[in-house]
Amino acid sequence: MWKNLIAGYLSFTKRERTGVLVLLFLIAFFMVLPVFYPYFIRQKTYDHQVFEKAIASLRIKEADSTEQNPGKYNYKKYTPSAGKDNSYQTKGELFYFDPNSASPADWKRLGIRDKTIATIQNYLSKGGKFNKKEDIGKIWGLHEDEVQRLMPYIQVHATSPSTEPAEIKYEKKEYKKTAYTIAVVDINIADTSVFIALPGIGSKLSQRIINFRDKLGGFYAIDQVGETFGLPDSTFQKIKAHLAISNTALRQININTATVDEMKSQPYIRYAIANAISQYRTQHGNFSAVSDIKKIMAVTEEVFNKLEPYLTVK
């Protein structure tokens with residue numbers, strides 16, 4: 001019996017034997033395949049001479065680019081290239097001059113370009129001053145060779161003790177200040193134009209404050225304005241001193257008759273709280289007092305204190 005069982009388990013049909021042989025052949029084929037891989041795939045060969053020529057070409061282009069745009073990297077290292085017009089470096093009359101008082105015509109005589117002259121005049125008009133010869137090298141657009149050519153002819157005249165430097169005069173200028181008075185804003189009746197008059201409040205923020213006030217049913221505290229979406233706390237602290245409340249009549253929700261949708265329209269009442277109030281009212285009847293909602297687990301003391309002014313049990 002056991003012999004027949006073992007013989008039946010280990011015997012194969014002709015079709016099964018053929019499948020085993022094919023499987024063994026495929027395994028052997030894929031094991032040997034990597035050995036013949038180099039014969040079928042030709043590896044690319046690289047010509048090092050072509051590579052070196054490409055590198056040399058890039059270096060030549062980089063050198064040309066630096067030569068054509070010296071100011072892009074460091075104008076102090078600028079070297080005039082052959083064949084270019086560099087007459088601005090030598091053209092001009094040399095004479096003794098004070099860079100603090102030289103006129104545009106004087107700079108033009110010295111051979112300085114118009115764009116550089118405009119830079120110098122702009123620097124002087126804003127209170128700048130050349131205190132020593134070397135300061136001329138700080139002018140943007142004035143090349144090192146130009147500085148060296150002009151340096152022997154610069155004469156910076158000393159400022160007299162009674163005369164203040166231009167920079168100090170500029171700082172001591174007095175400007176007439178205009179005083180602006182910011183009116184106190186009643187946050188429950190003010191419109192967008194009134195809120196816009198406050199510092200840091202634009203048209204969008206003013207509209208958001210009013211929309212938030214309308215959804216709440218009115219403000220009962222000035223700090224509620226700071227809860228407006230998108231209003232930075234720093235801005236609120238600036239305007240807080242200019243806010244006031246004179247009308248505290250709020251729009252209230254009757255929790256004995258309001259639907260879930262009516263309650264959740266109030267920003268302080270989330271859907272979970274509105275639904276819990278509705279379910280509690282269905283199971284236990286109408287609320288006898290607003291404080292009865294504290295029996296609902298979702299209504300914490302903090303939530304109740306914010307909601308109480310907006311609720312009623314008429």
Side-chain angles (χ1 to χ4, degrees), residues 175-314:
Y175 298 92
K176 186 178 180 181
K177 296 182 179 179
T178 304
Y180 295 95
T181 303
I182 301 175
V184 176
V185 176
D186 190 327
I187 59 177
N188 274 334
I189 61 175
D191 58 12
T192 54
S193 61
V194 178
F195 279 113
I196 290 175
L198 295 172
I201 303 298
S203 58
K204 289 185 178 180
L205 281 177
S206 63
Q207 190 60 54
R208 286 178 181 175
I209 293 172
I210 292 176
N211 291 341
F212 183 52
R213 180 184 67 192
D214 293 342
K215 289 181 180 180
L216 283 174
F219 294 120
Y220 61 78
I222 292 176
D223 287 339
Q224 289 181 282
V225 177
E227 299 175 13
T228 304
F229 174 76
L231 177 64
D233 183 66
S234 57
T235 302
F236 173 66
Q237 296 303 326
K238 289 180 182 179
I239 67 173
K240 185 176 180 180
H242 306 289
L243 305 180
I245 298 179
S246 61
N247 180 13
T248 56
L250 304 176
R251 186 179 69 251
Q252 295 182 316
I253 297 174
N254 188 347
I255 56 177
N256 284 329
T257 59
T259 63
V260 172
D261 289 336
E262 290 173 344
M263 286 188 285
K264 74 176 185 178
S265 65
Q266 224 284 349
Y268 290 161
I269 303 179
R270 303 190 307 273
Y271 171 79
I273 295 177
N275 186 55
I277 292 174
S278 178
Q279 294 294 331
Y280 186 90
R281 185 178 63 198
T282 301
Q283 296 175 9
H284 302 281
N286 289 343
F287 297 96
S288 58
V290 174
S291 60
D292 288 344
I293 68 170
K294 291 196 290 185
K295 298 176 182 178
I296 300 173
M297 187 177 298
V299 180
T300 62
E301 190 69 26
E302 181 183 357
V303 172
F304 175 76
N305 291 335
K306 294 179 69 173
L307 281 176
E308 184 181 16
Y310 298 104
L311 304 180
T312 183
V313 290
K314 297 178 182 178

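All values reported here derive from a predicted model rather than from experimental measurement.
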Check your understanding: Looking only at heavy atoms, which two atoms of R281 and T257 are closest? And how far apart?
Key -> NH1-N, 3.5 Å
Review point. What are the two closest non-hydrogen atoms of A276 and I296, and how far apart are they?
Key: CB-CG2, 3.6 Å
Keeping the roles fixed (side chain from [X], backbone from [Y]), state whether a donor-acceptor pair exists under 3.5 Å.
X	Y	result
R251	L216	no
N256	N286	no
T300	V303	yes
Q224	Y220	yes
N188	G218	no
N275	S278	no
Q252	P309	yes

How many angstroms lie between atom [atom1] of [X] and atom [atom2] of [Y], to the nearest 0.5 angstrom?
X	Y	atom1	atom2	value
S206	I196	OG	CD1	4.0 Å
F219	I222	CZ	CD1	10.5 Å
I187	I245	CD1	CD1	3.5 Å
T259	M263	OG1	CE	6.5 Å
I269	I277	CD1	CD1	5.5 Å
F212	L205	CZ	CG	13.5 Å

Do [X] and [Y] pair up side chain to side chain, a donor and an acceptor below 3.5 Å, judged on atom types alone?
X	Y	answer
Y268	E227	yes
S288	D292	yes
D191	S193	yes

Practice item. Go through the structure and list residues passing ring pair (Phe, Tyr, Trp, His ring centres under 6.0 Å) with F287, not counting sequence neighbours. Key: Y280
May I ask you to test the [X]-[Y] pair for a side-chain heavy-atom distance under 4.5 Å?
X	Y	answer
D223	K240	yes
L243	V184	no
N254	K314	yes

Exercise for review: Dump the intermediate steps for side-chain contact (heavy atoms from CB on, under 4.5 Å) on I210 and F195, then the final yes or no.
Suggested key: CA-CA 9 Å; I210 292 176; F195 279 113; 4.1 Å; yes
Check your understanding: Given the rule in the side-chain contact (heavy atoms from CB on, under 4.5 Å) test, do I255 and T312 qualify, once you have shown the distances and angles that lead to the verdict?
Key -> CA-CA 6 Å; I255 56 177; T312 183; over 6 Å; no
Practice item. Could you please spell out the steps behind the side-chain contact (heavy atoms from CB on, under 4.5 Å) verdict for L231 and R208? Key: CA-CA 9 Å; L231 177 64; R208 286 178 181 175; over 6 Å; no
Exercise for review: Tell me, with the steps shown, if E301 and K294 meet side-chain contact (heavy atoms from CB on, under 4.5 Å).
Suggested key: CA-CA 7 Å; E301 190 69 26; K294 291 196 290 185; 3.9 Å; yes
